[in-house]
Amino acid sequence: MNFNEYPVDSLMYITNRPEIVFTRGKGSWLYDNTGKRYLDFIQGWAVNSLGHCNDGVIEALEKQARTLINPSPAFYNEPMAKLAALLTEHSCFDKVFFANSGAEANEGAIKLSRKWGRKFRNGAYEIITFDHSFHGRTLATMSASGKAGWDTIYAPQVPGFPKADLNDIASVEKLINEKTVAVMLEPIQGEGGVIPATREFMRELRALTKRHNILLIVDEVQSGCGRAGTLFAYELSGIEPDIMTLGKGIGGGVPLAALLSTADVACFEAGDQGGTYNGNPLMTAAGFSVISQLTAPGFLEGVRERGEYLRSELLKLSDERGFNGERGEGLLRALLLDGDQGPQIVEKARLMQPDGLLLNAARPNLLRFMPALNVTKDEIDQMMSMLRSVLDSL
Ligand SMILES: *Cc1c(COP(=O)(O)O)cnc(C)c1O
């Protein structure tokens, strides 16, 4: 179909979209309305952890859709229980609450911390977050985020989120007072430009929060579920946080997110938390398939190998072109450019013929790579060669 035949004018404007309509996808490839194909290193924003239309996810959705779609969150269902058990088995957490988006999971983490503060810390409610962080688009998670301009766009903000600087423990310590209940961070800032918290900083934060008897919350909506080469990024520094949120990759493309905590911290009482779709069997069945595939023997080793390969290829390119290197963990990486040509590269890569390439510039001076976790070495090679021709054409 021609682009003009799609009724896109009824969609509310929220951002500039190119005049194409994606019609199908498989693995690392997306196809548009003209039949053109694109090598996809965005993957729905690190959402399709196993690529487009993964067979296991399809099978789980099909089977569950024919069995039970939603009995109501007021009742147990089997996929919800099985996925929660799988997550607690493979993490340091004991309890799971499912949500439908990363922002909603983070809202849950904020509410759980404030509840814990009310119960055990004399009403403490402040959560220290970080400059350049991203925690979602609800009012509270926008207030928690350290994105430039977000303090005024829908003012007034939700109070109680003082900002520290990532990898600067003194900046955190300075903000701690009797009202502080938690510190919340992304172990790798994703939207901020793929900036990892150092292992040392993670360990210092854990010690500091323990010393002050406050909670450590990791927002692993982007860094979790295999993306960093371990099932969860907090494992890289050998610490155990009190609360973790998951989203994006956990559903393999469908809307699923989770709030996890240790048994001590899971202090919600009846009626404190809920949501109509939370823990519905259709989405949790997809999540069970995803986490089962990620924890299958050898899978995460493969992610680490391919992450290392992507890293070395990006470094090679950076040396060739005089760029500023690369950074990241596993298959969440950024190439640091020598100027603000990121958006131009993204546009040219998409428009390339015969095949396009989908990339993201999280900031104008860098390119972010978040391919499927089962991307092949061959596809990484294709991406690098396409990227080189885009750079040649600038
Ligand atoms: C994407 C993201 C969110 C928000 O998730 P949504 O599903 O878009 O609400 C929160 N935190 C981090 C770290 C993210 O990358």
Side-chain angles (χ1 to χ4, degrees), residues 14-15 41-49 97-113 127-147 150 153-154 158 161 163 166 182-197 202 205 216-228 230-234 236 241 243-260 275 277-280 283-284 286-287 290 327-334 360-363 366 368-371 373:
I14 53 151
T15 189
F41 270 60
I42 295 177
Q43 286 291 353
W45 240 256
V47 158
N48 306 309
S49 38
F97 171 76
F98 290 110
N100 310 289
S101 70
E104 190 191 356
N106 284 335
E107 284 274 339
I110 293 163
K111 284 157 77 175
L112 185 61
S113 307
I127 301 177
I128 298 170
T129 58
F130 291 85
D131 202 19
H132 303 302
S133 65
F134 181 85
H135 297 295
R137 292 177 172 278
T138 61
L139 278 175
T141 55
M142 282 184 80
S143 307
S145 299
K147 227 174 128 106
W150 275 24
I153 177 171
Y154 301 119
V158 175
F161 298 101
K163 303 287 181 300
L166 192 72
V183 176
M184 175 173 176
L185 84 163
E186 304 158 79
I188 306 163
Q189 288 190 341
E191 302 310 302
V194 192
I195 308 169
M202 293 295 282
L205 262 189
L216 179 61
I217 307 170
V218 286
D219 174 350
E220 296 232 20
V221 170
Q222 189 159 153
S223 63
C225 298
R227 182 62 46 195
T230 46
L231 192 55
F232 306 112
Y234 74 78
L236 294 169
I243 296 178
M244 171 170 76
T245 55
L246 299 174
K248 296 202 166 91
I250 189 178
V254 303
L256 177 65
L259 159 65
L260 297 89
Y277 293 113
N278 297 50
N280 73 81
M283 298 310 148
T284 49
V290 170
R327 66 181 173 223
E329 299 279 2
L331 284 171
L332 179 59
R333 316 210 69 92
N360 165 253
R363 287 190 171 199
L366 58 85
R368 175 171 47 168
F369 303 84
M370 34 190 172
L373 300 181

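For ligands, and for the atoms within them, numbers begin at 1 and follow the listed sequence. Please read these numbers as outputs of a predicted model, since none were measured by experiment.
The distance from the CE atom of Met184 to the CG atom of Leu216 is 11.0 Å, given to the nearest 0.5 Å. Annotation: the span from Thr245 atom OG1 to Glu107 atom CD amounts to 11.5 Å, rounded to 0.5 Å. A distance of 12.5 Å separates CG in Leu246 from CD in Gln222, rounded to the nearest 0.5 Å.
By the 3.5 Å distance cut-off applied to N or O atoms, Gly136 is not counted among the residues near ligand 1.
Remark: ligand 1 atoms within the under-4.0 Å shell around heavy atoms of His135 are 10 (C), 11 (N). With ligand atoms numbered from 1 in the order given, ligand 1 contributes 4 (C), 5 (O), 6 (P), 9 (O) to contacts under 4.0 Å with heavy atoms of Ala103. Ligand 1 places these atoms under 4.0 Å from at least one heavy atom of Gln222: 15 (O). The atoms of ligand 1 that sit less than 4.0 Å from any heavy atom of Ser101 are 7 (O), 9 (O).
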Side chain to side chain donor-acceptor pair (under 3.5 Å) evaluation trace for Ser133 with Glu186: CA-CA 7 Å; Ser133 65; Glu186 304 158 79; 4.7 Å; no
Using the salt bridge (Lys or Arg N to Asp or Glu O under 4.0 Å) rule, take Glu191 and Arg363 through it: C-alpha gap first, then chi angles, then the decisive distance, then the call. CA-CA 8 Å; Glu191 302 310 302; Arg363 287 190 171 199; over 6 Å; no
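The backbone and the side chain of Phe134 each have at least one atom closer than 4.0 Å to an atom of ligand 1 (non-hydrogen atoms only). At a heavy-atom cutoff of 4.0 Å, ligand 1 is contacted by the side chain of Lys248 but not by its backbone. The proximity of Asn106 to ligand 1, defined as any non-hydrogen pair under 4.0 Å, is limited to the side chain. The part of Glu186 lying near ligand 1 is the side chain, judged by heavy-atom distances below 4.0 Å.
For atom 5 (O) of ligand 1, the nearest non-hydrogen atom of the protein is Gly102 CA, 3.3 Å. Nearest protein neighbour of atom 11 (N) of ligand 1, counting heavy atoms only, is Asp219 OD2, 2.8 Å.
Side chains of Thr141 and Asn106: no donor on one and acceptor on the other come within 3.5 Å.
Closer than 4.0 Å to atom 8 (O) of ligand 1 lies none of the heavy atoms of the protein.
The closest donor-acceptor contact from the side chain of Asn100 to the backbone of Pro255 lies at 3.5 Å or more, if one exists at all. With hydrogens and angles disregarded, no donor-acceptor distance shorter than 3.5 Å links the side chain of Thr284 to the backbone of Gly287.
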